[in-house]
Amino acid sequence: MKILSIFVLFGLLGLKVPECRSLKTLGSQLEYQAINCRKHSASLTDFGAVGDGTTVNTKAFQAAINHLSQFSSDGGAQLIVPPGKWLTGSFNLTSHFTLYLQKDATILGSVDESEYPIIDPLPSYGRGRDAPGGRYISLIFGTNLTDVVITGDNGTIDGQGEHWWGKFHQKKIKNTRPYLIEILYSDQVQISNLTLVNSPSWNVHPTYCSNVIIQGITILAPVNSPNTDGIDPDSCNNVRIEDCYIVSGDDCIAVKSGWDEYGIAFGMPTQHLIIRRLTCISPTSAVIALGSEMSGGIQDVRAEDIVAINSESGVRIKTAPGRGAYVKDIYVRRMNMNTMKYVFWMTGSYGQHPDEKYDPKALPDVHGINWMDMTAENVTIPAKLEGINGDPFTGICISNVTIGLSPKPKKVQWNCTDIQGVARDVTPPPCDLLSDQGSTGSKSCSFPTDRLPIDDVQLKICFVISSLVFANQPSTIWTFEADVLNYSKGIKKDGFGFTLVNFMRLCQTGKNLHDEPFVLTSQVEQVFYVKDPIDIDWNAVVIKTRELYDMHENGLEDDIEANLQSISCYDQSMDDDISWDRPCVDSTIVLLDNEENHQVDIELEEC
């Protein structure tokens, strides 16, 4: 029987396999940061997926996730999406789970509407956002989860939104368009290091969630695409959004908490939200919007180090009679803007309502709004601040702000009604309703000095090793298993020794060059000989399979033998009687000296 596979082994220090630790290999290593690392791994191709951009892989995605869900109480699992274009409809995530998109991997959202079941409206909205009634489930969906991560090596999720945008403009949409990612009623959520393009509607919509981290996300949509909001935290608590770049046909970030009487009744605010190091381009909408759906309340939003380019407004507050609740304790600092219609925009007459059942006497409480340390250039209107008659927006503070006007600015530079507040060091001079204290005011506007709990969440370094090429199988996934095998003769007389671990999933089920299946088998092997380890001049490794190879031509002395269970990939098409040479591999073995805590990399020679 001729062996066509690659045999690789790994050495690790001690009797435990670290689950979140970087290891070095000449194979392709995936290293990423996450709230938690996973003990188990699988590749999407293990479940029959084909990344050709035309094969529908919805069943493969869901089968993979359903299979991996069994490990939720055993260290969790990660699903690796390898390079390719993976067409799929909606699929549901599970708890203690990571969806990892490799570089050059693209998840393509199907344009077949039957791939997106209709689900109920959100209880805090009472109806779909596009139309009365239900809504299409999002492309990537999860509900009632704990510890879920969607991340990658800047892999792409493409919603193919043009199909949906056209139907929306033609008023042929009977249900609300699907979002790209929506997570409901969940705790410990991470979405990071991805590129999201062409969402049918909103891109990222965590709703009724706590402890959410969104970072390193690039979101791209045509600036005339309808309602392609970037990130919309909705009735969420303890959220961190950072290091994102968004080009959008709507608000780059829209903070929400329910719509009119439904949001009031549901009563779940968005609070304790951090937004930092955001770059936004949105010519027709806001860089950061608070509302208009804010009927559960919005409180304690901290935004800093924001870059706005060619956008309609900086931070916009949108509300109306009927919304109720509050927008309060809002803090924004260090914002740099260029080519803006408005810098400051607040409106109390944003008139969209879910139905006629809203209470026009439910007035929002807007107060404690702080803007400080900002610069802007090429601005048409510095501010449009409009409260509600009989319900003014109060406690507005603007300090240390310099606004450069466009060549053709509006004649009325500050348009203010039904507001109260103060301004310090603001150019051009603010409206009369903002008491201008010049540079003699007692202090600048406030920004909190305490740390929110989400800021103390430290991400772990996680890894998976993939993409070794053997025979014609390009997307192997390796996973470490924590069983440590016994030494055969692993301890030298001078105390130098190694610990080996079980190395699983060395090859995957697939077909060989003759389009015939591989068979996975496992066996215990005596593995390798090495040159005297004390001088760290390693120059030979022999992997033994059917018989023990004795390779003394490289001057091997004081051979170390160990037992390792490995998985071998055999080609059934080969005759058992055909002789075969020793297997070789172009890779690296990592060994760690148990006593000296010293890592040594061994490069294996090519066959």
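Quick caveat, the model's predicted, so the values are computed rather than measured.
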Checklist entry - Can you name the residues that form a salt bridge (charged side-chain N to carboxylate O under 4.0 Å, His left out) with Arg127, not counting sequence neighbours? => result none
Checklist entry - Who are the salt bridge (charged side-chain N to carboxylate O under 4.0 Å, His left out) partners of Asp456, not counting sequence neighbours? => result Arg451
Checklist entry - disulfide bond (SG atoms under 2.5 Å apart) with Cys445: which residues, sequence neighbours excluded? => result Cys397
Could you label the plane-to-plane angle of the [X] and [Y] rings as parallel, tilted or perpendicular, counting under 30° as parallel and over 60° as perpendicular?
| X | Y | value |
| --- | --- | --- |
| Tyr331 | Phe447 | perpendicular |
| Tyr125 | His205 | perpendicular |
| Phe344 | Trp371 | tilted |

Checklist entry - Considering residues, nucleotides and ligands other than Asp355, do more than 12 of their heavy atoms fall under 6.0 Å from its CG? => result yes
Checklist entry - With a cut-off of 6.0 Å (strictly less than), are more than 12 heavy atoms of other residues, nucleotides or ligands near NZ of Lys174? => result no
Spacing of [X] atom [atom1] and [Y] atom [atom2] [to the nearest 0.5 Å]:
| X | Y | atom1 | atom2 | answer |
| --- | --- | --- | --- | --- |
| Met337 | Thr375 | CE | OG1 | 6.5 Å |
| Gln188 | Asn238 | CD | CG | 11.0 Å |
| Thr58 | Glu115 | OG1 | CD | 3.5 Å |
| Ile150 | Ile183 | CD1 | CD1 | 4.5 Å |

Between [Y] and [X], is there a side-chain donor-acceptor contact under 3.5 Å, judged purely by atom types and distance?
| X | Y | result |
| --- | --- | --- |
| Asp373 | Asn400 | yes |
| Gln299 | Asp329 | yes |
| Thr143 | Tyr208 | no |
| Arg323 | Ser292 | yes |

I'd like to know if the side chain of [X] reaches the main chain of [Y], judged simply by a donor and an acceptor atom lying under 3.5 Å from each other, with no hydrogens or angles considered.
| X | Y | result |
| --- | --- | --- |
| Thr151 | Ser192 | yes |
| Asp130 | Arg177 | yes |
| Trp165 | Asn198 | no |
| Ser285 | Ser282 | no |

Item to check | Row check, Trp259 ring normal vs Arg129 NZ/CZ: under 6.0 Å, within 45° | outcome: yes
Next on the checklist: With a 6.0 Å cut-off on the ring centroids, do Tyr32 and Tyr100 count as close?
Outcome noted: yes
Item to check | side-chain hydrogen bond (donor to acceptor under 3.5 Å, both in side chains) assessment of Ser210 paired with Asp187 | outcome: CA-CA 5 Å; Ser210 59; Asp187 180 49; 2.7 Å; yes
